[in-house]
Chemist: 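Shown below is the structure under consideration.
Along the sequence shown, residues are numbered consecutively beginning with 1. What you see is a predicted model, and the numbers here were worked out from it, not measured in a lab. Every number for a ligand or one of its atoms is a count from 1 in the order of the listing.
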Amino acid sequence: MDINDVRSRFAKHFNGSKGQVYASPGRINLIGEHTDYNGGFVFPGAVEQGMVAEVKPNGTRTIRAYSIDLKDYDEFDLDDEKGPKASHFRYIFGVAREMMKLGVEVGGFDTAFAGDVPLGAGMSSSAALESCFAFAINDLFGHNKVSKMDMAKVGQATEHIYLGLNCGIMDQFASVHGKAGQLMRLDCRSGEFEYFPWAPKGYRLVLVNSCVKHELAGSPYNDRRKSCENVVAAINKKYGTKAETLRDCTWEQIEGVKGDCSEVDIRRANFVMGEKDRVLAVCEALEKGDYETVGQKMYETHNGLSKDYEVSCEELDFLNDVAKDCGVTGSRIMGGGFGGCTINLVKDKLYDKFVNTAVERFEKKYGKKPVIIPVVIGDGSRRLA
Ligand code: GLA
């Protein structure tokens, strides 16, 4: 992101004034999909692409916001519960309101913002936006008292309450906590996490964006979550347990409630159980430098997401097949699904062949080029100037 561009647009819109500049990234996820809201493990890292915002308190109760990318401007009052209509402004409004709930004395501000996380690619452009404003508000109005994890929760609550998407914590967590060159394994039940250096020898990660726009709000994402909750409720009823999520359940218990839930719900719950184990297996393999196992688990995840969890689409399955045909070590859908990218673990020496083949074959079949995005693991939310 070009910070000078943001600076000049801000100055143009707000009478030549100058504020502070903040940045927050999007994320990739090596493995652990749809596990976060099930209390399982995820394994994300922040990317270099992100959101940049210049922010300046304006001494009123009004937020005046300009989206540079969408060339859209709006003003909305912090105390007017309705908030703005457009989702790109609702993120900002929601974050401000949720920070207020944490006791931060949020005042009005002027802001101009822009980003280079492709929209709808499954790289969490919305978490980048939320985390950027949570960080800015914490710095400008909150004396930096709100913890990183609480800022991530503010972003998540914003999705739930203001956008209607019942997402987990992974995206906002990764955006806030990211560190260059490090992936993070988060236990979504306890909130504990560890950094894992990511510098694979002889391999690299690359995203292939199908450019099928995934729009999670309004997608069957919430249904997937509901399926998991149905199975947990059936288990608690049958066994008198107090499981909060599938993390607290066993394979046997899921088997035991087969007759009480739909076949679809059971299949989805079984995927989640397997995915939780796969994250742990990948961490173990990484510690041994065993990238073949990492890759194999990625393919298993893709199959599960496609056949059992049903969050793939034809184009993503096609890209996964191309990866397999080229002998790519690991490949799978990344993020919530329903479009967006595949993430691929590719041997250096196969890289050119793979990306060229993926572009060629995809274009031939779908009449448009997919976008190749090399993965560079970058830093989390921060103040730039
Ligand atoms: C989206 C959600 C996350 C997570 C992923 C799937 O990115 O925002 O919380 O559930 O989908 O792993």
Chemist: List ligand 1 atoms under 4.0 Å from Cys167, heavy atoms only on the residue side.
Modeler: 2 (C), 8 (O), 9 (O)
Chemist: With a cut-off of under 6.0 Å to the ring centre and 45° to the axis, is Arg382 in cation-pi contact with Phe135?
Modeler: no
Chemist: Would you give the length of the straight line joining atom CG of Leu186 to atom CG of Asp36, rounded to the nearest 0.5 angstrom?
Modeler: 8.5 Å
Chemist: Ignoring hydrogens and geometry beyond distance, is a side-chain donor-acceptor pair present between Thr241 and Asn236 at under 3.5 Å?
Modeler: yes
Chemist: Any atoms of ligand 1 less than 4.0 Å from a non-hydrogen atom of Asp36? List them with their elements.
Modeler: 3 (C), 4 (C), 9 (O), 10 (O)
Chemist: Relative to the ring of Phe193, is the ring of Phe173 parallel (under 30°), tilted (30 to 60°) or perpendicular (over 60°)?
Modeler: perpendicular
Chemist: Which protein non-hydrogen atom lies closest to atom 7 (O) of ligand 1, naming both residue and atom, and how far is it?
Modeler: Asp171 OD2, 2.8 Å
Chemist: Would Arg185 pass as a cation-pi partner of Phe41, given that its NZ or CZ must be under 6.0 Å from the six-membered ring centre and within 45 degrees of the axis?
Modeler: yes
Chemist: Any idea which atoms of ligand 1 are less than 4.0 Å away from a heavy-atom of Gly168?
Modeler: 9 (O)
Chemist: Can a non-hydrogen atom of Arg27 be found less than 4.0 Å from any atom of ligand 1?
Modeler: yes
Chemist: With a cut-off of 4.0 Å, which atoms of ligand 1 are near a heavy atom of Tyr37?
Modeler: 10 (O)
Chemist: With a cut-off of 4.0 Å, which atoms of ligand 1 are near a heavy atom of Glu33?
Modeler: 6 (C), 12 (O)
Chemist: Looking only at protein heavy atoms, which one is nearest to atom 10 (O) of ligand 1, and what is the separation?
Modeler: Tyr221 OH, 2.6 Å
Chemist: Between Thr293 and Asp290, do the side chains contain a donor N or O and an acceptor N or O under 3.5 Å apart?
Modeler: yes
